[in-house]
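My structure is below; once you've seen it, I'll send some questions.
Sequence positions, counted from 1, serve as the residue numbers for this chain.
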Amino acid sequence: MPDVGNTRARYRRILRFAARYIVQTWWYELVLTRFGLTKFVARGRTARMTRIAQRFHVLAVDLGGLMIKVGQYMSSRLDVLPPEITRELAGLQDEVPPVPFDDIRRLAEAELGVPLERAYASFDPTPLAAASLGQAHRARLAPVDAGDMGYDEAVVKVQRPGIEVIVDVDLAALRRVAGWLSRVRFVANRVDLPALVEEFATTSLEEIDYLHEAQNAERFAANFADDPRVAAPEVVWERTTRRVLTLADVTAIKISDRAALVAAGIDPKQVAHQFAAVMFDQLFRDGYFHADPHPGNIFVTPVAGPAASASASPSLGATDAAAPAWQLTFIDFGMMGEVPDGLRRGLQQLMLAVAARDGKRLVQAIQGVGFLLPTAETYELERAMTELFARFGGMGFAELAQVDERELRSFAIEFGEVVRSLPFQLPENFLLIIRAMSLTSGMCSTLDPQFNLWDAVEPYAAQLLRDQRGGLVQTVGREALSVAGTAWRLPGRLEGLVDRVESGRLVAQSPRIEQRMTRLERVAGRIVSAVVFVGLFLGGILLRDDEPGWGVALIVASVVPLLHAVFAGVFGRRGPG
């Protein structure tokens, strides 16, 4: 346990570590590259990052507190950090040293106001789990409490003694480091680090208030009250305070224990897809999500028999199907995130763009979410996203591992240069969203090495489209009217352009130019007709099953622009030019 009294030494140690590696990174990545040593820097980058991860691992385990949380977050970023780093920090999920039981007893008895022997029928001194901010012990409820709750097996979560002081010191150090980095123009122009630290601070302070966590647990359980796929522990309020939390014991098979899942007759691949669907529900349906879904916080619980529910398919309006005879049981609700309605709608559009492999639409969705500032020039990003989908779209981690490392590195360098050139900011709560989805993707890939997040998104996006079919009709209509309006105005604009050419602002009175302008007008009209046809026809196909009337009407209506697109060129060639 860290020495709470020596807060100044703790504070200075964190700052020394950060300063050392900030300066090292600045020297290698900014100074040496300007002297033409880019290849030399690239060759040693992985080894340097691994050493930093190893030393941070030692620091985090030694200090505990929020340093563990920072390391856990980095270990979850399988999507952006090299595997050497994530592997090195992954042990932080389970490597937190326990607090001596005498310290736990003193704190729990002070909080509950009675000896543990009176508060509980029994209390196991060996911790069930040790986390960075608290630790859990198995217990049996006293007969009176057991009679009220209907069960006697419980888990008691007790806060680490002195953790409030440690959190304050760690936050002060993180604020100082963020202040240093915010003075670097490259960093300040792209991300508001002080704001991110404050968001992290808010989450951390809420996490050490167990009354707040108990309320979170009840809200989460209410959201899934009618969903047999998901379970959550019940709160024993009579034995819960700000620093002691008593819950029903729901421990079962740890979600990452593939061997135990297989032994119980549970398919890990099915668990992966179910888990992804449940996390999508939290983000896109409820707007309230578990932001710390690492393996220690999710159990797979066998149930007595199958129930009727939406199984691995998305639950947004999903049809009922027979669910497997197990549930996903979530625990530890100290870190929860909320997605405002506007951001949730933006994330839905983001998901639809990913499912459609549409680079331009994805960039528009990113702007809509607020990730990119309005001044951002997005052409190169659209091009990069289109190339990303064309080359790597649909690949899971296992397939990406088979891609030539040189090709991945080349694309990563080019893509990184594009991203670094853009001004961006993280919307509120976006850090928690990134954390949740990173942990989800990593966990699913552990359960199923062939797991493909693209495939998990596609059926969910399709369901979202079906649920929004009324809006889809309006959207198709608006797009058709918009394109038709453009087609109607285009001849006039071309004629105006010709007038400007002839008026002397651009001297060009060659008959050849006039002929080319006439051809351009004709071709533009056919292109517009083709776009209108595609929009109406696809809209009809999408709606044919759910809205037969609308579907047939749109397909029939698409014939008119199709005829114009095909035959306008035939008849047009009979004229002059």
Side-chain angles (χ1 to χ4, degrees), residues 199 202-203 206-207 212-235 247 250 255 271-294 297-299 301 307-321 323 327-352 354-355 365 368-370 427-441 443-444 453 456-468 471:
E199 183 179 332
T202 299
T203 302
E206 288 178 349
E207 200 169 355
H212 187 267
E213 180 176 345
Q215 293 167 352
N216 289 345
E218 290 200 333
R219 179 178 174 184
F220 180 90
N223 285 347
F224 287 96
D226 299 322
D227 191 337
R229 299 174 304 165
V230 180
E234 189 175 1
V235 179
L247 302 162
V250 293
I255 190 172
V271 174
H273 288 275
Q274 189 85 291
F275 179 47
V278 167
M279 291 304 298
F280 284 146
D281 278 346
Q282 295 176 48
L283 282 166
F284 302 121
R285 182 195 68 189
D286 303 332
Y288 184 71
F289 63 96
H290 197 300
D292 196 22
H294 67 73
N297 287 340
I298 316 290
F299 296 113
T301 307
S309 75
S311 65
S313 60
S315 71
L316 278 179
T319 56
D320 288 347
Q327 294 177 313
L328 292 169
T329 302
F330 287 72
I331 63 170
D332 194 351
F333 301 94
M335 187 184 296
M336 303 294 291
E338 294 197 53
V339 187
D341 290 342
L343 179 58
R344 186 161 72 251
R345 287 192 294 270
L347 290 175
Q348 289 174 350
Q349 294 305 312
L350 192 67
M351 182 179 62
L352 291 174
V354 170
V369 168
E428 183 180 359
N429 260 347
F430 211 81
L431 187 64
L432 293 180
I433 294 172
I434 293 173
R435 174 182 173 80
M437 293 315 298
S438 297
L439 286 169
T440 299
S441 179
M443 187 66 259
C444 291
L453 194 60
V457 166
E458 282 180 341
Y460 205 94
Q463 181 62 44
L464 185 62
L465 276 174
R466 287 194 293 272
D467 289 348
Q468 295 177 345

Residues which pass side-chain contact (heavy atoms from CB on, under 4.5 Å) with I298, listed by chain and number, not counting sequence neighbours: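 With neighbours one apart ignored, the set is I255, F275, P293, L328, F330.
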
Trace of the side chain to side chain contact (heavy atoms under 4.5 Å, CB included) decision for Q282 with F224: CA-CA 9 Å; Q282 295 176 48; F224 287 96; 3.6 Å; yes

CZ-CG distance between R285 and D227, expressed to the nearest 0.5 angstrom: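 Taking CZ in R285 and CG in D227, the distance rounds to 6.0 Å.
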
M279 side, atom CE; L439 side, atom CG - distance, nearest 0.5 Å: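 With rounding to 0.5 Å, CE (M279) is 8.0 Å from CG (L439).
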
Flag, side chain of D286 to backbone of Y288, donor-acceptor distance under 3.5 Å: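 Not confirmed, D286 side chain does not pair with Y288 backbone.
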
Residues V230, F220; criterion side chain to side chain contact (heavy atoms under 4.5 Å, CB included); working and verdict: CA-CA 10 Å; V230 180; F220 180 90; 3.9 Å; yes

Intermediate values then yes/no, side chain to side chain contact (heavy atoms under 4.5 Å, CB included), L283 and M437: CA-CA 9 Å; L283 282 166; M437 293 315 298; 2.9 Å; yes

Set of side-chain hydrogen bond (donor to acceptor under 3.5 Å, both in side chains) partners for N223, sequence neighbours left out: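 If we apply the side-chain hydrogen bond (donor to acceptor under 3.5 Å, both in side chains) test to N223, skipping adjacent residues, there are no hits.
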
Non-hydrogen side-chain atoms of E206 and N216 separated by less than 4.5 Å: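 When only atoms from C-beta onward are counted, N216 and E206 do not touch, as no gap falls below 4.5 Å.
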
From CA spacing to verdict: side chain to side chain contact (heavy atoms under 4.5 Å, CB included), D292, H290: CA-CA 6 Å; D292 196 22; H290 197 300; 3.9 Å; yes

Which residues share a side-chain hydrogen bond (donor to acceptor under 3.5 Å, both in side chains) with Q215, sequence neighbours left out: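 Not a single residue meets the side-chain hydrogen bond (donor to acceptor under 3.5 Å, both in side chains) criterion with Q215.
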
Distance, nearest 0.5 Å, that separates CD1 of I331 from CD of E213: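 Reported to 0.5 Å precision, the distance equals 9.0 Å.
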
E234 side, atom CD; E218 side, atom CD - distance, nearest 0.5 Å: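 Nearest 0.5 Å value for the CD-CD distance: 8.0 Å.
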
Atom pair CZ (F333) and CG (N297), whose distance is rounded to the nearest 0.5 Å: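 Between F333 CZ and N297 CG, I get 8.5 Å after rounding to 0.5 Å.
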
